[in-house]
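Within every chain, numbering begins at 1; the chains are lettered A, B, ... in the order of the sequence lines, protein sequences first and strands thereafter.
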Amino acid sequence: MYNFNKIEKKWQEFWRKNKTYKVFEDSKKEKFYVLDMFPYPSGSGLSVGHPLGYIASDIYARYKTLKGFNVLHPMGYDSFGLPTEHYAIQTGIHPAIATFENTKRYRIQLDKIGFSYDWDREIQTSDPKYYKWTQWIFKQLFNSFFCKKTQKARDISELTAYFIKQGNHTLDAVCSEETPIFSASEWQKYSEVDKQKILLNYRLAFLSETWVNWCEKLGTVLANDEVKDGFSERGSYPVEQKLMQQWSLRITAYADRLLDGLKVLDWSTSIKEIQRNWIGKSVGANILFSVLKYNKNIKVFTTRPDTIFGVNFLVLAPEHPLCNVITIKSQKKDVKQYIDEIKLKSEKERKSEVKKITGVFTGSYAEHPITSKKIPIWIGDYVVSNYGTGAIMAVPCGDQRDWNFAQHFNIKKINVFKDVDISESANENDDIVIQNSDFLNNLSSSEAIEKVIAVLKEKGSGERAVTYRIRDAVFSRQRYWGEPFPVYYKNELPYLLEDNEVLELPEISEYLPTSSGEPPLARAKREQWKKFQGDRMEFNVMPGWAGSSWYFLRYMDPQNDVEFVNKQKVNYWKQVDLYIGGAEHAVGHLLYSRFWTKFLFDKGLIPFEEPFKKMINQGMILGRSNFVYKLKESNTFVSFDKKDKYETIRLHVDINLVENDFLNIEKFKKWRPENSSARFILNNDNKYLCSYEIEKMSKSKYNIHTPDILVEKFGADTLRLYEMFLGPIEQFKPWDSQGISGVHNFLKKFWKLIHNDKNEFFISESPPQKNELKNIHKTIKKVEEDIQRYSFNTVVSTLMICLNQLIEKKCNKRDIITDFTILLSPYTPHIAEEVWQKLGHKESITKSSFPKVNTKYLIDKNITYPVSFNGKKRFTIDVSSEASKEDIENIIMQYEKTIQYLNGNSPKKVIIVPNKIINFVV
RNA sequence: GCCCGGGUGGUGGAAUUGGUAGACACGUUGGACUUAAAAUCCAAUGAACAUUGCGUUCGUACGGGUUCAAGUCCCGUCCCGGGUACCA
């Protein structure tokens with residue numbers, strides 16, 4: 001009997017005792033880094049969905065090890081975060097304790113599945129030994145600015161040196177908008193406080209008063225990627241805009257590099273597309289329109305400066321500061337009413353009314369920078385304040401929204417496109433020729449853009465401009481369970497703690513915000529901070545993504561107490577070669593860690609600027625919920641196939657009470673007290689049939705499958721094999737326990753093939769036959785190709801086919817079984833180790849090597865396709881010299897129809913010549 | 001609206017470059033073994049028609065097209081999933 005429980009226990013102990021999966025830097029071996037997105041250790045443990053990616057990465061890691069690579073394959077926990085803090089608020093249990101308990105449980109669950117992690121490299125982001133270095137990286141960000149010329153982060157000391165010499169007139173660095181311009185002598189005269197304030201405007205980690213996404217219910221601010229449609233991603237609570245002093249990271253400085261870097265990444269097109277959209281780069285021009293009679297300028301951003309002669313009006317966003325300034329007296333009332341109306345509308349309402357056209361005329365006019373014509377200035381809510389300049393030049397002929405606005409308010413539309421009809425709609429195509437445009441006439445769009453920008457620049461009323469959608473990342477959270485900032489305040493200005501030791505989270509009595517609305521850390525008394533300095537400490541903590549933005553580096557050198565990572569080690573391991581995880585982090589973690597990696601690269605701390613070379617996003621495993629039908633106002637349940645005759649209520653039923661969609665009535669009665677008296681209307685087979693539906697797994701739907709139960713029932717190897725067999729790794733798919741017996745049988749069959757009736761290992765020592773070798777080598781090739789293209793599901797089928805053939809031919813020859821066992825081992829490490837030992841090996845199977853394909857046995861794969869059909873009625877097919885008679889017959893069959901068509905008859909003759917070219921003479 | 005995926009039996013899915021569609025597995029049905037059940041093994045299983053065996057026709061969301069040959073390529077339509085949005 002295949003006793004998986006015994007086998008798995010034995011080998012898990014063996015691996016632990018022998019530290020089988022421990023890895024060291026080894027310059028003689030080529031490295032390979034396989035990484036999983038580390039989990040957040042929640043209180044509910046792992047479900048079958050979590051290990052899907054871990055199993056795939058483990059298979060790949062084991063495969064690479066067998067191929068002779070030195071494989072880094074670590075695991076850890078992203079252990080700072082909200083749920084643990086909420087749990088602490090509710091129970092008073094310190095988050096560190098809850099985290100400890102949860103990670104312990106995760107570890108037990110993970111160990112049962114038999115992963116090849118080097119657990120000596122485990123990290124936890126909430127461990128002071130770890131977040132010491134998260135704080136250290138924050139300090140590096142604080143001490144850096146972004147030089148536009150070199151497109152690189154540089155040390156802030158270079159900046160002060162520059163200010164002393166020449167002020168900031170000529171400086172080309174990224175800074176906050178409100179930064180004043182000053183000369184060297186002015187800089188010298190500034191007070192220390194003023195100097196610090198100015199420097200803060202340049203730092204990559206900076207403090208500023210900004211509009212942030214405030215979530216009242218969560219009591220904290222959220223980053224843009226944590227907000228969806230005006231609601232928090234976690235918990236779906238309403239989010240509002242609030243002006244607050246917050247730490248931000250200047251990710252916008254890296255926008256271009258983050259965009260460019262995508263080109264070299266082997267990621268899915270969809271994730272790259274999401275990042276591209278998120279960064280949202282638009283190239284165009286900023287153009288100044290002067291407002292007549294008001295001595296003010298309106299700056300607009302446009303991607304189509306070539307349509308400047310088609311401008312019929314300007315539109316300001318209702319929030320635009322000039323709205324009130326330039327409105328003429330007679331329009332003041334209307335404008336005020338309109339702006340007030342817009343203010344009242346929530347973000348959501350404004351979005352849902354997208355198609356409704358609203359606006360109001362200011363009564364003022366601007367001067368066209370080229371034609372000097374009078375252009376009316378409107379206010380409209382289809383222009384948003386937080387993109388571009390918050391004002392647009394409206395070109396009805398070239399933009400549908402402008403067209404609609406013009407149509408609605410009966411504004412004239414100039415057509416600047418040759419041979420285009422704009423009476424029904426605008427033309428948004430840029431593959432056109434310009435007309436009615438003075439010096440731009442007869443130019444193409446791209447030519448006109450160049451020309452008009454040159455003209456505008458000369459006049460001083462416009463220049464080339466690039467706009468991004470991405471905003472700087474808010475880095476403060478008003479929480480407790482996160483990294484404290486290594487920052488204190490003096491005169492309300494932030495300063496870094498000087499030494500490089502960790503600033504630990506102080507103990508506090510309660511994890512709630514204070515009554516005055518300050519973050520929980522404000523509760524910490526002076527003496528509870530181990531390194532209190534200045535007037536007060538920073539009360540905010542860092543967001544969840546701080547620790548996860550660089551964790552892949554720490555695995556290389558997890559114990560290092562003097563550096564965040566040793567240089568030689570990072571030079572050896574370099575980038576993550578294969579990263580597996582969910583696609584939900586597309587604009588969060590995956591963008592931030594790219595940003596941090598680029599920054600650390602700029603500082604010369606690591607030798608690469610993209611963290612994850614290849615990424616695979618595993619699809620979610622959905623649950624298969626079962627339902628029972630309860631009669632209305634009665635405790636009677638009716639079988640699904642009979643329910644149409646009754647009025648029923650559909651209820652979720654725990655999937656553990658159901659087998660093959662049939663309800664176990666005994667278990668059901670015990671499930672809940674009120675069920676004990678339940679009565680049933682059964683179907684014709686005297687069974688109770690449940691209906692089912694595919695949904696997300698959740699506690700409330702009673703459809704969670706835990707790996708633990710399955711491991712107990714079928715073994716870890718079956719679970720691993722089955723999760724892979726389920727379908728392509730990237731696809732969303734429902735979990736269906738019914739199919740698990742198929743892969744379980746496969747393992748049982750394998751066991752039976754090499755054991756006799758008395759469960760003794762029995763294997764034939766006679767050399768394998770040629771067709772047996774053909775079978776195994778075809779399998780080796782296919783398995784290897786499939787693993788290399790991450791097609792983990794087809795590997796399982798291939799192995800099943802191979803085994804079926806081995807059983808059919810009663811082939812259990814030593815060489816064949818050895819190769820087969822190695823092929824199987826990444827998927828089923830436990831049973832493979834067991835068989836490996838029985839084959840007489842002392843070392844772990846991971847120390848062996850992946851079998852080499854002998855192409856001698858692979859004939860039919862070498863067949864190539866037609867090379868010629870010449871006029872002499874001879875149809876030639878090139879066939880490998882190793883093709884068998886059988887193969888050639890197959891080819892002939894394949895082409896017979898073709899030849900029949902060409903000739904009207906079957907081929908007269910088939911000639912097979914010695915070099916195996918088949919000639920059909922027709 | 002725009003961008004990116006996808007649509008194949010009762011189910012999950014295979015078909016990697018255009019070359020025998022439905023591999024592999026689940027489920028179902030029938031059979032063997034058994035007092036019986038479980039387990040195991042064998043057979044059938046896209047649909048329709050024909051069944052004495054051979055077989056015939058249709059079939060990869062729908063409608064066209066290219067090709068000797070289309071699930072695969074091209075055009076149009078519908079549906080599903082994901083992203084994104086008055087982004088100027």
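At the heavy-atom level, A:D402 lies nowhere under 4.0 Å from the strands shown.
The gap from the P atom of B:C73 to that of B:G19 amounts to 11 Å, rounded to the nearest Å. As rounded to the nearest Å, B:A43 and B:G7 have P atoms that lie 32 Å from one another. Atom C1' of B:G6 sits at a distance of 14 Å from the matching atom of B:U72, rounded to the whole Å. Nucleotides B:C68 and B:A14, compared at atom P, are 31 Å apart to the nearest Å. Between the P atoms of B:A61 and B:G9, the separation comes to 8 Å (whole Å). Going from the P atom of B:U8 to that of B:A88 covers 36 Å, rounded to whole Å. Taking atom P on both nucleotides, B:G12 is separated from B:A23 by 15 Å, rounded to a whole Å.
Considering only residues two or more places apart in sequence or on other chains, A:F714 meets the ring pair (Phe, Tyr, Trp, His ring centres under 6.0 Å) condition with A:H744. Considering only residues two or more places apart in sequence or on other chains, A:E463 meets the side chain to side chain contact (heavy atoms under 4.5 Å, CB included) condition with none of them. For A:F409, the ring pair (Phe, Tyr, Trp, His ring centres under 6.0 Å) partners two or more places apart in sequence, or in a different chain, are A:W378, A:F405. For A:H320, the ring pair (Phe, Tyr, Trp, His ring centres under 6.0 Å) test picks out no residue, with sequence neighbours left out. Here A:N297 pairs with A:L288, A:S290 under the side chain to side chain contact (heavy atoms under 4.5 Å, CB included) rule; sequence neighbours left out. Checked against salt bridge (Lys or Arg N to Asp or Glu O under 4.0 Å), A:K748 has no partners two or more places apart in sequence or in another chain. For A:M697, the side chain to side chain contact (heavy atoms under 4.5 Å, CB included) test picks out A:S47, A:V48, A:I621, A:N703, A:I704, A:H705, A:W735, with sequence neighbours left out. A search for side chain to side chain contact (heavy atoms under 4.5 Å, CB included) contacts involving A:S791 returns A:D786, A:R789, A:N793, A:T794, not counting sequence neighbours. Residues forming a ring pair (Phe, Tyr, Trp, His ring centres under 6.0 Å) with A:F301 (at least two apart in sequence, or on another chain): none.
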Got a list of protein N/O to nucleotides 6-13 of chain B N/O distances below 3.5 Å?
| residue | atom | partner | partner atom | Å |
| --- | --- | --- | --- | --- |
| B:G12 | O2' | A:L726 | O | 2.5 |
| B:G13 | OP1 | A:Q731 | NE2 | 2.6 |

Could I get a table of every N or O pair under 3.5 Å where one atom is in the protein and the other is in nucleotides 37-41 of chain B?
| residue | atom | partner | partner atom | Å |
| --- | --- | --- | --- | --- |
| B:U40 | OP1 | A:N745 | OD1 | 2.9 |
| B:U40 | OP1 | A:K748 | NZ | 3.4 |

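The distance between atom CH2 of A:W378 and atom C1' of B:A88, rounded to the nearest whole Å, is 18 Å. Going from atom CZ of A:F746 over to atom C1' of B:C24 covers 11 Å, rounded to whole Å. In this structure, CZ of A:F750 is placed 20 Å from P of B:C24, rounded to the nearest angstrom.
Mapping A:M800 and A:R401 onto RNA chain B via the closest heavy atom, the residue that lands nearer the 5' end is A:M800. Take the nearest nucleotide of RNA chain B for A:S270 and for A:T389: the residue whose nucleotide is more 5' is A:S270.
Using modelled atom types, one finds no donor on one side chain facing an acceptor on the other under 3.5 Å when comparing A:Y387 with A:T467.
Applying the 90° criterion around 0 to the glycosidic angle, B:G81 comes out anti.
In RNA chain B, the stems built from three or more successive Watson-Crick or G-U pairs (distances below 3.5 Å) are B:1-7 with B:78-84, B:10-12 with B:24-26, B:27-32 with B:40-45, B:46-49 with B:55-58, B:61-65 with B:73-77.
Between A:K782 and A:E785, none of the side-chain N atoms (NZ, or NE/NH1/NH2) sits under 4.0 Å from a carboxylate O, so this pair counts as no salt bridge.
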